[in-house]
Amino acid sequence: MNKNLKEQVLRSSGVNVLKCMRCGKCSGTCPSYDEMEYHPHQFVYMVERGDIETLMNSKSIYKCLTCFACVDRCPRNVEPAKVVEAVRLAAIRQQGNNHINPNQIPGMLDDDMPQQAIVTAFRKYIK
Amino acid sequence: MQVNENKEFQPLIVAFCCNWCSYAGADLAGTNRLNYPDNIKIIRVPCSCRVNPMFILRAFQRGADGVILCGCHPGDCHYTSGNYFTRRRMTLLFSMLDFLGIERDRTRVEWVSAAEGAKFAATMNEFTEAVKKLGPNRRLEDLRCRKQ
Amino acid sequence: MQEAMINKAKQLLADGVVDRVIGWKRGEFAYDITPAVFTSAEELDESFVYDDFTAANVSKYLVKESRKDGKVLAFLKPCDTYSFNQLVKEHRVVRENVYIVGIPGGPKLDAEKIKAKGITGILSVKNENYTLKIETVYGEESMPFYEAVLDKCASCKSKKHVIYDELMGEEGDVLDSNRFDMVEKLENMTAQERYDFWREQLSKCIRCNACRNVCPACTCEKCVFDNPDSGIENKAPADSFEENMFHIIRAFHVAGRCTDCGECSRVCPQNIPLHLLNRKFIKDINAFYGEYQAGEDAVSRAPLNEYKQNDCEANIVHERGVE
Amino acid sequence: MQRIGVFVCHCGTNIAATVDVKAVAEALGREPGVIVSQDYQYMCSESGQNLVKNAIKEHKLTGVVVCSCSPRMHENTFRNAAASAGLNPYLVEIANIREQCSWIHKDIASATEKAIILGKAAVAKVHLNAPLTAGESPVVKRALVIGGGIAGIQTALDIAEAGFDVDIVEKKPTIGGKMAQIDKTFPTLDCAACILTPKMVEASQNEHITIHSYSEVADVKGFVGNFTVTIKKKARFVDETKCTGCGLCTEKCPMKKVPNEFNMGFDNRSAIYIPFAQAVPKVATIDPNNCMMMKTGKCGVCSKVCSAGAIDYKQEDRLIEQQYGAIVVATGFEPIKLDKYDEFAYNQCPDVVTSLELERLMNAAGPNGGTLLRPSDKTHPHKIVFVQCVGSRCDDSKGKPYCSKICCMYTAKHAMLIREKYPDTEVYVFYIDVRTPGKNFDEFYRRAVEQYNVHYIKGMVGKVTPRSDGKIDVQASDLLANEQLHIDADMVVLAAAIEPDKTARPLATMLTTQMDTNDFFTEAHPKLRPVESATAGIFLSGACQGPKDIPETVAQASAAAAKAIVLLVKNSITCNPCVAHSDELMCNGCSSCEKVCPYGAITYIDKEFKMPDRTIAVRRVASVNPAVCQGCGACTVACPSGAMDLNGFSNSQIIAEVDAICK
Amino acid sequence: MLKISLDKLDKLFEAISATKTLYIPTDREDGAAEYRKYESGMKLSSALNTVRSAKDFFFPQTENLVDFKMDGKNIEVIDVREESEDFVIFGVRACDARSFTILDKVFLAEPVDSYYKNRRDHGTVVAMACTRPAETCFCGTFGIDAAAPEGDAACYSDGESLFIEAHNEKGQQFIDSIASLLKDGDTSKLEEVRAKTREILKKLPLAKLTTDNFGGDKLNEYFNSDKWGELSESCLGCGTCTFVCPTCQCYDIKDFNTGHGIKRFRCWDSCMYSDFTKMAHGNPRLTQLERFRQRFMHKLVYFPANNNGEFGCVGCGRCLAKCPISMNIVKVMKALEVK
């Protein structure tokens, strides 16, 4: 379990997952429920447990419509959609899964490679 | 108090404690034999809201190096609202002392319940250390009162 | 304005609405104006004055005046109305016995600032298009109007009258003032620098009590500093501690009640910027407990007589800014 | 000149092991004013106390300092000892050299030094102690109960039983409150009306009880033992003394289209009405907003048919003033408004109802005569969904932060009653937690599940959508099955949170009692004084203090009654002498002290004074009621002129202590 | 007359301060002038006068008289008096220079105030003639010539040089101590300057104010005057006028408990204060009117009555400039005067 990841998700979402009272109203209201492997209330709970990697590797993060129904309905103002968004961001930012590693770039250079492509690669994959 | 090269500076600290929570908390610290420095001298008041800024200035005038005010936790005041007034008064007073360049660590407000003997002792230990670091109160003392 | 005010006063006297008028009386020079009570048209014609030097806030006189029989006409500048309203709130004036005519305020001039330019032997001061033409025994002098404006007027907070029976001239607005700039500057200094600043200032204090006695918020029947039973009575700053204590307690006693009229600094014979202490409290109150302007109304609770359960803790002082 | 005696206690070795008690006694003996200074094994023992008593007599002491354990321990012991020797008990001070010295320090030299300083502070203080006498204040032997629900009724009955007169003020035309609207009670399932109405009748017939129905408290003055309350008796346009409650007027009244609030608006009543059959007092009331006579001056039917001649269209609100010794607040609760919760479609769909509405729908005296029918089409519902925690346990921005406490149980009751009466009905309960602490409560809930096959599903309903076919789509998650459900329900019942009655807040202001942020009255101590408010003489009964079910409400009502009786049996109350007092010559009348007084102990009077400048002036000055003041001292600091001071902890006393400590 | 070039003032001050403590009026940061102990580099103020008068040197605002020490129940009395060091006050204006004569009449008359005398004996007053009097000046009213000040020694400036002359032995000693810096000078230009100053003095707005109708014999005329009510009603009761006044000499004696002893000290009092002359029986002047009247009656009637016609005011004008509400002795004299 990656503690830093949890902190990152908590920080970037601004959500206090400990406010959740596990009522499941978020999942009860979610229009994307059946599409998702992990449901909004599970996101909140799994982030609380620190199990971020599982979520990052799940397609669920791309199934959330960001309709914010859960945010609107949550009696405790936990804002599950923001948690989902934060996990999605963590996945995007993750470096280990980069398509390109900066060390590989010199070897990939040839005269036909436009400079713009290199800049883009750095911008996209290196944080 | 004189700073003596051979002896560590021993600050004089006045603690105003409300009768219902903090004074009882201090008693509990005693009952549990929790040590805190003898620099602390407690004055019992019915409620922290009884403490007039005048008393705090008076203590500094007479040679106190630190003043700490203890009361019930907000919401637990025996008189329901006293400590809320205390909080506002002391916030403003401390801010003013700070504004005049008086070291801000010489003053403090802490909420200590009757059950928090350990917190009382810890707070007093910590506060005494903080005041020790500052050294003797020079900016708000009355030279006439300094001990020869 | 002066003419119109005299006429208004005469009319109200003639109509029996009031039986006396509190205003300002001409002095020996251009600037030495004294608050005074006028009871007849003749007196008004003879010496009533309202000009660039009538800075004195007459609200405090109404504590006494309003308790006398009959009704008194008071001409109040915008800043004076805040003081008056605060006195109404604290039941210190009898509102029914005062007929308030709101008049346009400053900026008013500070004779000390003219003298500070080395101009002396002043015989008369005239404002010509915001240039002061000053006739002296040593010849004609001149200086820009704004360089002679009182500090309290230079950081005016409001041109609005918050209480009146009648208004002369146009009503103004609450202004965005820069009045907290100096407080902020001090806050950004180190504790040592602040200490040195205030030591320099407060060591000048001669405990004449002018700041206290002019203050419209200081209307205690007996001040704690005059009361031997209070434990803090004193008459002279015998030690630097007493200089500090007097000014801390003075400011604390008016915290949440001070309308920032600036009279304390105006009257200080030693030019101590006492208003900074009051403004520090006002700034803190605004920051900690929400914007509050004393005297703005006559009903709201003073910030120190009120609380919220989620008020900030006193350690906010310890946690912020530079040490 | 003071003659002070100092008594240093060894407390066995508790003090003497770390503090050189002889040195302390000797050092304090040298203090100005101290004429005798002794040490003893156990000061609190009888012989120790005798030592103090004898010294008081022998040396004619004017003050006593005991250096011993905490004053919280034995201050009273030594005060009593002093009193028995003829010294005013408030001339005794304790220096705490055990808990705050010997028990926390190890070094004998420094502990002794500190003990001496603490002793000196006590000596410095006692120099300035003044003899104090506790005042007495008479008690009016009459109680006021505000609110005529089950809480108020029970409290009034108990107080009356003890032989005291008691008045009930109820804002509705009848007493009975929410319980009168309830069908059955948990966990016994007996009929609410059957157990409530006898109590209502008992109250009306008790010679000690006066019921002011259709009345409100308009003003409260005074203090414990001596409140003066102004009660506004709203005009009901019917002479209570003449009306027999025959009901003919209500039958003949041509205006019959007024929504009946007693039945939660499911049916109608007439403009002149008696809320329900067992109302107490059983007196008609004209609703002036709907009465044709009141609105247009044309009609007057009720007046014509009333053989008692009780109708009085000209009746006006009446103010009556009464003295009371004690006041019990029993203002009860209301279900919250559900406007904020669109997802439950409460405002769109008539078949989404609250639990209180369901009570009326199921009640034999209700709109359908006890048959459960859908409000929309009056058909029998076959699938009913209950939603728990609607508006309870929410973030402050979304609803009430607290648990409404009663919903779990009444929902189980409803579910059970429906399954019992209509076994063909499927009942679903969506819950977050089922909270059933209480005697026979969990058993009750288990019966609903096991015996009545109520479907309890853990998970919250996310959305309720009325469908065009008359069904209601309930979308919810089943957290245990980890699936999202859609139920096509016929009815949805919402367990709305409960909140204090709207009248409670202004009432609290009048009573100068404290409320929490949710407008529930705050008890004097959450554990030890749960039925008293912090304001002396004001007691709390029922749900005005927090959500409660009926048995708990009744228990608290009786407890509040007991506390009120304890007050009323006294002829007078002994006051705490350590109270604030104002120096009238210095008082500015600025009202600062009044603003910070939590007890409303400070009032202002206009008083004539001979002023220092030889004039006579009428000045507004503060006056502290010593019977109400509890001695916190907030006013002493709020007072800018220092006119306000506190007995026992005066400015000069505290300053003397500071000085002695900082010497 | 002996003179020194004005650009050599530094040298003069260095020379004086080498042997005695020297006080000169110097400009504060806020522009106002005050007396400070001379330190190298300090510049003489160009202001007409200091905010506080020079009386502090002989009659300081607070002064310890005696200490008491308590040991248990015993009290020990400790004399804290110290012999004053020799000092020079330089640049005292004519009005302040005269004020010492008035203070002397109070403190050096029997019984002699030894605390005052101690300081007076050790202090040398070097006065400085005025060249630019202000509109608030009215020293002429009391027979003071601003161009010819009193004092132990006096200085005059002609714009280029400073001329110094002694008025008594103490002044002569002072001049002797700095003789090496001085040389004889031509006073013709100085006379011109003084004549010009006297012309200006005549043109001042208050030049015509006289004491002709005041004095020790006027008690009945003025004590019950109906003007006092009107004059005093604006008075705030602060002590500004009395504390900036060079001649106000009332003081209060107080004890301060330091925790380990008592300090008995005296401090300036003000007749404007509500507890002025409060005694065991109470206060003889209960209203502001009476206290206000006291101040002016003292200066204009009582003082001359007891001191051969000498008035208790020197016309320095400080109260005119500093009173918060601009009520002052000039206004009182003009309002009160019965011709």
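To find a chain, count down the sequence lines: A is the first, B the second, and so on, and within it residues start at 1.
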**Student:** Answer with side chain, backbone, both or neither: which region of Arg52(E) has an atom nearer than 4.5 Å to a non-hydrogen atom of chain C?
**Tutor:**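 The side chain, not the backbone.
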**Student:** Is it the side chain or the backbone of Leu48(E) that comes within 4.5 Å of chain C heavy atoms, both, or neither?
**Tutor:** neither
**Student:** Hey, can you tell me if Tyr116(E) and Phe58(E) have their rings parallel, tilted or perpendicular (30° and 60° cut-offs)?
**Tutor:** perpendicular
**Student:** For the candidates Glu29(E), Met272(E), Arg132(E), which exhibits the highest count of non-hydrogen atom pairs separated by less than 4.5 Å from chain C?
**Tutor:**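 Between Glu29(E), Met272(E), Arg132(E), the count favours Arg132(E).
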**Student:** Side chain from CB out, backbone as N, CA, C, O: work out which of these in Thr62(E) comes under 4.5 Å of a heavy atom of chain C, or both, or neither.
**Tutor:**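 The side chain, not the backbone.
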**Student:** Measure distances from Glu242(C) to the heavy atoms of chain E and classify the residue's part below 4.5 Å as side chain, backbone, both or neither.
**Tutor:**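 Glu242(C) touches chain E through side-chain heavy atoms alone.
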**Student:** Kindly assign one of parallel, tilted or perpendicular to the pair Trp228(E) and Phe292(E), based on the angle between their ring planes and the thresholds 30° and 60°.
**Tutor:** perpendicular
**Student:** Does the pair Arg318(E) and Asp96(E) meet the rule for a salt bridge (charged side-chain N to carboxylate O under 4.0 Å, His left out), with working shown?
**Tutor:** CA-CA 11 Å; Arg318(E) 285 188 178 89; Asp96(E) 282 8; 2.8 Å; yes
**Student:** Pick one of side chain, backbone, both or neither for Thr240(E), based on which atoms fall under 4.5 Å of a heavy atom in chain C.
**Tutor:**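 For Thr240(E), heavy atoms of backbone and side chain both lie under 4.5 Å from chain C.
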**Student:** Does any backbone or side-chain atom of Ile122(C) lie under 4.5 Å from a heavy atom of chain E? Answer side chain, backbone, both or neither.
**Tutor:**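 It is both, since atoms from each part get that close.
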**Student:** Of the backbone (N, CA, C, O) and the side chain (C-beta and beyond), which part of Thr136(E) lies under 4.5 Å from a heavy atom of chain C, both, or neither?
**Tutor:** both
**Student:** Given that the side chain runs from C-beta out, which part of Glu230(E) has a heavy atom under 4.5 Å from chain C: side chain, backbone, both or neither?
**Tutor:** side chain
**Student:** Counting only heavy atoms closer than 4.5 Å, note whether Glu263(C) contacts chain E via side chain, backbone, both or neither.
**Tutor:** neither
**Student:** Which atoms of Lys64(C) are under 4.5 Å from chain E, going by heavy atoms: the side chain, the backbone, both sets, or neither?
**Tutor:**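 No part of Lys64(C) comes within 4.5 Å of chain E.
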**Student:** Just checking Lys278(E): does its NZ atom have more than 12 heavy atoms from other residues, nucleotides or ligands closer to it than 6.0 angstrom?
**Tutor:**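 No, because the 6.0 Å sphere around NZ of Lys278(E) holds 12 heavy atoms or fewer from other groups.
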**Student:** Given heavy-atom pairs under 4.5 angstrom as the criterion, report whether the side chain, backbone, both or neither of Arg266(C) touches chain E.
**Tutor:** side chain
**Student:** In terms of heavy-atom contacts, does NZ of Lys68(C) have more than 12 from other residues, nucleotides or ligands at under 6.0 Å?
**Tutor:**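 Counting neighbours around NZ of Lys68(C), more than 12 heavy atoms of other residues, nucleotides or ligands fall under 6.0 Å, so yes.
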**Student:** Passes side-chain hydrogen bond (donor to acceptor under 3.5 Å, both in side chains), Lys108(C) versus Thr54(C)? Steps please.
**Tutor:** CA-CA 7 Å; Lys108(C) 301 288 176 190; Thr54(C) 49; 3.2 Å; yes
**Student:** Which one, Lys331(E), Met327(E), Glu34(E), leads in non-hydrogen pairs under 4.5 Å with chain C?
**Tutor:** Lys331(E)
**Student:** Would Arg295(E) and Phe276(E) count as a cation-pi pair here, with the cationic atom under 6.0 angstrom from the ring centre and within 45° of the axis?
**Tutor:** no
**Student:** Select one option (side chain, backbone, both, neither) describing which atoms of Glu112(C) are under 4.5 Å from chain E's heavy atoms.
**Tutor:** side chain
**Student:** So for Ala116(C), is it side chain, backbone, both, or neither that comes closer than 4.5 Å to the heavy atoms of chain E?
**Tutor:**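 For Ala116(C), there is no contact with chain E at all, as no heavy atom is under 4.5 Å.
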**Student:** Hey, is CD on Gln2(C) packed in by over 12 heavy atoms from elsewhere, all under 6.0 Å?
**Tutor:** yes
**Student:** Can you tell which part of Ala321(E) gets under 4.5 Å to a heavy atom of chain C, answering side chain, backbone, both or neither?
**Tutor:**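 Both parts, backbone and side chain.
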**Student:** To the closest 0.5 Å, what do you measure between SG (Cys313(E)) and CD1 (Ile329(E))?
**Tutor:**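 These two atoms lie 4.0 Å from each other.
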**Student:** Where do Thr242(E) and Trp268(E) land on the side chain to side chain contact (heavy atoms under 4.5 Å, CB included) test, with the steps shown first?
**Tutor:** CA-CA 9 Å; Thr242(E) 50; Trp268(E) 294 350; over 6 Å; no
**Student:** Please flag which part of Val58(C) lies under 4.5 Å from any non-hydrogen atom of chain E: side chain, backbone, both or neither.
**Tutor:**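 Contact with chain E involves no heavy atom of Val58(C) at all.
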